[in-house]
Protein chains: 2
Amino acid sequence: MTTRRTGLREQKKQATREALRAAALRLALERGPDNVRVDDIAEAAGVSPRTYNNYFSSREQAIVAAVTSEREARVAAAVADRPDGVGLADAVVEAVVDQFTASAEPGREALLLLITTRPALREAFIGTTAAIEHPLAEAVAGRLGDGEPHTARVLAASVAAAVRVALEQWLRTTVSSATAGGLVVPAGSLADLLRTTLAPLRPALDAAEQRARRHRQQ
Amino acid sequence: MTTRRTGLREQKKQATREALRAAALRLALERGPDNVRVDDIAEAAGVSPRTYNNYFSSREQAIVAAVTSEREARVAAAVADRPDGVGLADAVVEAVVDQFTASAEPGREALLLLITTRPALREAFIGTTAAIEHPLAEAVAGRLGDGEPHTARVLAASVAAAVRVALEQWLRTTVSSATAGGLVVPAGSLADLLRTTLAPLRPALDAAEQRARRHRQQ
DNA sequence: ACGCAAATTTGCGTGTACGCATCTTTCTGC
DNA sequence: GCAGAAAGATGCGTACACGCAAATTTGCGT
């Protein structure tokens with residue numbers, strides 16, 4: 001069930017996706033994102049321009065994907081993996097913080113600077129938070145038991161929305177401090193900002209968990 | 001402060017916006033939405049195609065706007081207007097239900113049928129829920145006192161997300177019952193669906209209200 | 001190995017979104 | 001009223017997203 005499609009086909013698909021990601025990132029960094037056309041990315045990745053849009057539905061998605069790749073699945077997995085002893089609220093909050101703080105790629109800093117600068121990229125970056133909604137909903141549903149799938153969806157959507165708010169705030173302060181001070185200061189850690197922003201949702205998560213527990217014991 | 005800009009200029013602007021809305025709606029209803037190009041709408045409204053995109057940033061927005069017009073402001077106003085005796089959760093939920101249930105326009109039924117049918121219109125319709133976020137945030141902030149504006153933003157974003165979830169569900173069941181039964185049945189009232197979907201957020205709204213109250217008495 | 005079925009890539013055509021420069025309309029202070 | 005400023009409308013050019021159908025590649029049973 002993990003990888004339903006296992007074969008050369010799926011392998012090549014991921015390779016193409018990765019090639020497009022890498023090409024987009026490299027070109028954006030060396031030319032500046034405004035001087036990169038999708039034709040350039042496609043050519044650098046060795047596929048047709050039309051194929052690019054089979055993988056990404058906007059020019060910015062490929063660039064941003066370098067920083068957000070697979071994040072959705074990792075958040076969901078992290079939530080599902082926390083032991084049952086940990087409360088739902090803690091599980092969700094810490095999973096989100098972990099996955100959004102973990103920096104793997106080199107050149108991530110330069111890319112983030114780029115993202116903070118260009119409005120179109122900011123928009124695309126912000127947009128990626130929506131992707132965590134469905135995986136997260138399933139993970140939450142798994143923890144709540146399948147009593148009320150509605151609730152899990154709503155909570156996941158709310159968490160995603162809160163994360164989006166946090167990122168907007170973070171980008172706002174980052175870009176303004178960059179503009180004002182000339183130097184890019186994180187303006188308070190993203191981790192703290194995420195925790196603060198998610199705090200108002202804790203009561204909702206707790207209540208849902210209690211309800212589910214009660215329902216289960218009945 | 002209500003209408004900062006009061007003059008012939010703003011008046012004409014609103015007239016143009018309304019003309020585009022009306023033209024888009026009329027054409028979509030009589031030809032089917034796939035047979036309407038933005039050039040047609042612009043021509044029918046008596047403006048240049050370029051001007052269309054100064055008002056709406058996608059072809060679908062004008063069509064959908066006929067049903068969502070001004071909803072954002074009305075929801076916010078409704079929240080702000082409920083007496084302080086009513087709890088925040090009730091104020092928000094009922095304001096949302098009222099404004100999403102209120103049907104003014106004639107031909108709303110036909111338009112909704114259209115929206116449920118065409119994927120692109122569904123997407124645009126769903127997208128309009130995001131617009132209530134900022135006005136709602138201000139209304140909530142007004143009720144919570146200006147202690148923690150963060151909280152208001154997060155709660156408003158969560159409510160908007162929950163409304164989006166409800167509409168998605170509603171459209172899903174509506175379209176499937178339309179496909180299956182041949183007749184469009186509301187498949188349970190939208191009002192009930194909204195109340196159910198917003199229910200999980202009530203604890204968060206209550207908690208924020210309590211916190212604000214405590215903070216104020218201190 | 002072979003061939004059919006399914007998935008993917010590609011080229012093409014159309015409609016769309018939007019930056020920019022320019023022209024027209026409206027607003028403001030005098 | 002009037003002259004300059006500000007805001008909006010328009011035309012043009014470019015890049016982009018995507019439906020569609022033909023061509024190519026991969027998977028699988030035999």
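Here the structure is a predicted model, which is why all the values come from computation and not from measurement. Below, read A as the first sequence line, B as the second, and so on, with proteins coming before strands; counting in each chain starts at 1.
Between B:T51 and D:dA9, a side-chain N or O to OP1/OP2 separation shorter than 4.0 Å is absent. Contact annotation: A:Y55 side-chain N/O to C:dT8 OP1/OP2 distance is not under 4.0 Å. The side chain of A:R9 places no N or O atom within less than 4.0 Å of a non-bridging phosphate oxygen (OP1 or OP2) of C:dA7.
The side chain of B:K12 lies closest to C:dT26 when the candidates are D:dG27, C:dC18, C:dT26. Side-chain proximity of A:S48 to the nucleotides C:dG11, C:dA17, C:dT9 is greatest for C:dG11.
Among the heavy atoms of the strands, none lies under 4.0 Å from B:D39.
Taking atom NZ of A:K13 as the reference point, atom C1' of D:dT25 lies 14 Å away to the nearest angstrom. Between A:L20 atom CG and C:dT10 atom C1' the separation is 14 Å, expressed in whole Å. Taking atom CD1 of A:I63 as the reference point, atom P of D:dC16 lies 10 Å away to the nearest angstrom. For B:D40 and C:dT14, the CG to P distance is 16 Å, given to the nearest whole Å. Rounded to whole Å, the distance from CZ on A:R37 to P on D:dA15 is 5 Å. In this structure, A:N53 atom CG and D:dA15 atom P are separated by 15 Å, rounded to whole Å. In this structure, CD of A:E60 is placed 12 Å from C1' of D:dA17, rounded to the nearest angstrom. Taking atom CZ of A:R118 as the reference point, atom P of C:dG19 lies 14 Å away to the nearest angstrom.
The pair A:E168-A:R164 counts as a salt bridge, with a side-chain nitrogen and a carboxylate oxygen less than 4.0 angstrom apart. Ion pairing between a basic and an acidic side chain is recognised when a charged N comes within 4.0 Å of a carboxylate O; A:R195 and A:E94 show such pairing.
Of the nucleotides present, C:dA1 is the one that pairs with D:dT30 by Watson-Crick or G-U wobble criteria, both distances under 3.5 Å.
No side-chain N or O of A:R17 forms a donor-acceptor pair with one of A:Q14 less than 3.5 Å apart.
Both A:P49 and B:S58 lie near DNA chain C, and the one whose nearest nucleotide falls closer to the 5' end is A:P49.
At a cut-off of 3.5 angstrom, the base of C:dG13 holds no donor-acceptor pair with the side chain of A:R50.
Residues B:L193 and B:Q169 are in side-chain contact: their nearest non-hydrogen atoms beyond the backbone lie under 4.5 Å apart.
A donor-acceptor pair under 3.5 Å links the side-chain atoms of A:T128 to the main chain of A:F125, judged by distance alone.
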